[in-house]
Structure formats: structure tokens, C-alpha cells
Amino acid sequence: MLVHLRQYKHEEVQFDDNRTTGEAQTEETLEKESAEYFGADMEELDVETWETVEYEGDPIQRRDVTISGATAVSVPDRPTDADESGLPGRAIQVRTSGDVESIDRAEIVEIQDADPDRS
């Protein structure tokens with residue numbers, strides 16, 4: 001099965017040691033190409049990409065998670081500590097061949113069976 005989820009986390013505030021809070025960034029520090037930072041184009045890298053969205057008036061971060069080769073998906077009955085964070089979603093467990101991965105603060109977007117006709 002192919003499992004597509006959305007995972008959420010609180011927005012992370014990142015401070016640059018060379019700047020003070022409230023200091024403006026210049027265009028040249030903002031307009032760098034990904035190859036300048038990473039030595040490769042971002043599309044060539046397998047990286048985690050979080051986007052900032054608004055939830056109940058506050059900024060939070062969200063990312064898409066796609067897992068192929070899943071054999072089962074479950075949502076635990078009992079909430080975990082992560083479920084108490086005030087973010088959307090809850091813990092979702094995805095089983096693949098021999099492994100179980102738990103994804104906190106996630107919502108199911110879609111689950112597809114790659115071979116629905118198998119017996």
C-alpha cells in the first residue's frame with residue numbers, strides 16, 4: 001500500500017548568531033540559490049521539507065509524508081503524550097515488512113492499495 005500523511009509540529013524559531021532579534025536580513029542573504037548552501041540543487045537532495053501554515057491563529061509547520069510498501073495502518077486508541085500538544089492530528093502507526101513506524105501529530109490524507117486485485 002501507499003500511505004500519504006500530513007504531519008504537524010510547532011514552528012521552530014531559528015536565530016542566526018550573527019544577527020540580533022529584529023535585525024533585518026538583506027536581500028543578498030535571502031536570495032541565495034540552494035546550490036550555494038548545499039552544493040547541489042534542492043530537487044536533487046532527499047530532504048525533509050516543512051512548510052509554515054496557520055492553525056487556530058498560530059503558525060505551525062506541516063509536511064507531507066509518503067510511505068510505500070505499507071502492509072497495515074493503525075491509529076492507537078489511547079492518545080500519546082504527543083497528542084496533547086494542541087496541534088492537529090494524532091499518532092499513526094504504519095507497518096511495513098518487519099518494521100513499525102509511529103508518526104506523531106499526523107493525519108491520513110490517502111491510502112492506496114497498489115494491487116487491489118490480489119487474493
- Task: Hey, could you give me the CD1/OG1 distance between I60 and T52, rounded to the nearest 0.5 Å?
- Result: 9.5 Å
- Note on the structure: To the nearest 0.5 Å, atom OG1 of T66 lies from atom CG of L2 at 6.0 Å
- Taking 4.0 angstrom as the limit, do E107 and R6 come out as a salt bridge? no
- Item | Non-neighbouring partners of D58 that pass side chain to side chain contact (heavy atoms under 4.5 Å, CB included), sequence neighbours left out | none
- Could you walk me through whether I92 and L5 pass the side-chain contact (heavy atoms from CB on, under 4.5 Å) check? CA-CA 9 Å; I92 296 176; L5 308 169; 4.1 Å; yes
- Note on the structure: Here the pair of heavy atoms bringing G86 nearest to Y55 is O-CE2, 3.4 Å
- Item | Common cluster, I111/V65, ILVMFWY with side-chain heavy-atom separation under 4.5 Å | yes
- Task: Please report the closest heavy-atom contact between A91 and V75, naming both atoms and the distance.
- Result: O-CG1, 3.9 Å
- side-chain contact (heavy atoms from CB on, under 4.5 Å) between H4 and D64, worked out: CA-CA 7 Å; H4 181 190; D64 290 324; 3.6 Å; yes
- Message: When you compare the side chain of V94 with that of I103, does any pair of heavy atoms fall below 4.5 Å?
- Response: yes
- In short, W50 meets Q7 closest at the heavy-atom pair CZ3-O, 3.5 Å
- Note on the structure: Separation between CZ (R95) and CE (M1), nearest 0.5 Å, reads 9.0 Å
- Message: Using the side chain to side chain donor-acceptor pair (under 3.5 Å) criterion, which residues pair with E54? Sequence neighbours excluded.
- Response: none
- Just do the side-chain contact (heavy atoms from CB on, under 4.5 Å) check on I67 and E101 with the steps written out, would you? CA-CA 10 Å; I67 301 170; E101 183 174 353; 4.1 Å; yes
- Message: Could you work out, with side chain to side chain contact (heavy atoms under 4.5 Å, CB included) as the rule, every residue matching S74, not counting sequence neighbours?
- Response: Q93
- Query: Between V3 and A70, which heavy-atom pair has the shortest distance, and what is it?
  - Reply: CG2-CB, 3.6 Å
